[in-house]
Amino acid sequence: MYAWIAIYCSANSKSLLTRFLGSKFFIPLSRLSFSVYLTHILVVWYFVLETRELIRFTYRDFVYATGGVILYSMFLSLLLYLLFESVWSNVLSLMFKKHPKSTAEEVKVKMQRNIDENPSQIFIHTVNGKPIESDYNHKRHMETNNHKN
């Protein structure tokens, strides 16, 4: 059933179901879902091992036990998410942030702008570790050296 819903949503990106399941309301739940998956069995074991009497199988007790397990699992997973997952996700995103590389054309435009603003300085820029020098920059350098002699 869930596989059919996933296939339908991937095939029909503009459907009402796809927009509903992709809404911002589900973002916190999606971030907690893996933590709930990991902590759920620990909470169930805790409830089972703490029980010192026979378990009655009435509907009311089942609903209370299930609701308690769900609430404790959600609380524990929120706590673990805030303490570990969100912190490490921010650290890893800062460590592996990709910086856009500038192209040679962008560097030449920046050089030309710098030369126009302050013609007495000669700027040599690098792209991927290789120096780039424009013809204008070279001519300007030659003119300033000729005037000094």
Side-chain angles (χ1 to χ4, degrees), residues 1-119 121-141:
M1 171 83 176
Y2 297 117
W4 287 110
I5 292 173
I7 292 169
Y8 175 77
C9 289
S10 64
N12 301 320
S13 62
K14 303 234 189 259
S15 70
L16 183 63
L17 180 64
T18 304
R19 285 184 285 154
F20 173 70
L21 292 176
S23 66
K24 293 185 180 193
F25 170 76
F26 290 110
I27 290 175
L29 291 176
S30 69
R31 291 189 177 157
L32 288 180
S33 64
F34 186 67
S35 297
V36 170
Y37 169 73
L38 292 175
T39 59
H40 175 72
I41 193 67
L42 298 174
V43 173
V44 169
W45 280 352
Y46 175 77
F47 274 108
V48 169
L49 294 176
E50 284 293 314
T51 304
R52 300 285 182 214
E53 58 188 41
L54 292 174
I55 299 173
R56 296 179 298 162
F57 287 108
T58 64
Y59 180 74
R60 185 184 64 149
D61 291 337
F62 176 75
V63 169
Y64 286 149
T66 304
V69 166
I70 290 172
L71 286 176
Y72 279 114
S73 296
M74 291 293 265
F75 176 73
L76 184 61
S77 65
L78 177 66
L79 184 67
L80 290 175
Y81 175 79
L82 292 175
L83 288 176
F84 298 105
E85 192 173 348
S86 66
V87 172
W88 280 107
S89 121
N90 289 337
V91 167
L92 291 175
S93 68
L94 289 175
M95 282 176 55
F96 297 113
K97 186 191 298 186
K98 292 187 177 183
H99 301 288
K101 292 185 178 179
S102 57
T103 62
E105 191 61 37
E106 291 173 356
V107 172
K108 286 182 181 180
V109 169
K110 287 179 186 177
M111 281 178 23
Q112 193 65 39
R113 192 176 312 128
N114 287 339
I115 290 170
D116 291 341
E117 290 173 1
N118 193 354
Q121 294 183 359
I122 302 300
F123 295 95
I124 297 177
H125 294 276
T126 60
V127 173
N128 298 332
K130 297 178 183 174
I132 292 180
E133 189 171 335
S134 66
D135 293 336
Y136 180 80
N137 201 5
H138 185 67
K139 279 192 234 174
R140 186 73 186 156
H141 178 69

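FYI, side chains are in, hydrogens and waters are out, and symmetry mates aren't considered; it's all heavy atoms of this structure.
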Ignoring hydrogens, what is the shortest heavy-atom contact between Thr18 and Cys9? Give both atom names and the distance.
OG1-CA, 3.4 Å

Could you work out, with side-chain hydrogen bond (donor to acceptor under 3.5 Å, both in side chains) as the rule, every residue matching Ser10, not counting sequence neighbours?
none

Ring centroid separation Phe20 to Phe25 under 6.0 Å
no

Should the heavy atoms of other residues, nucleotides or ligands under 6.0 Å from CZ of Phe47 be counted, would the total exceed 12?
yes

Return yes if some donor-acceptor pair links the side-chain N/O of Ser86 with the main-chain N/O of Tyr81 below 3.5 Å, else return no.
yes

Taking every non-hydrogen atom, the tightest pair across Leu82 and Val87:
O-CG2, 3.8 Å

Value for NE2 (His40) from CG (Leu76), rounded to nearest 0.5 Å, stands at 12.0 Å

Test applied, side chain to side chain contact (heavy atoms under 4.5 Å, CB included); reference residue, Met74; option that passes from Leu29, Thr39, Leu79, Val69:
Leu29

Step through the shown structure and confirm whether more than 12 heavy atoms of other residues, nucleotides or ligands are within 6.0 Å of CZ on Phe62.
no

Keeping the roles fixed (side chain from Thr66, backbone from Val63), state whether a donor-acceptor pair exists under 3.5 Å.
no

May I ask you to test the Ser77-Leu38 pair for a side-chain heavy-atom distance under 4.5 Å?
no

Nearest atoms (heavy-atom pairs only) where Phe26 meets Leu21
CD1-O, 3.7 Å

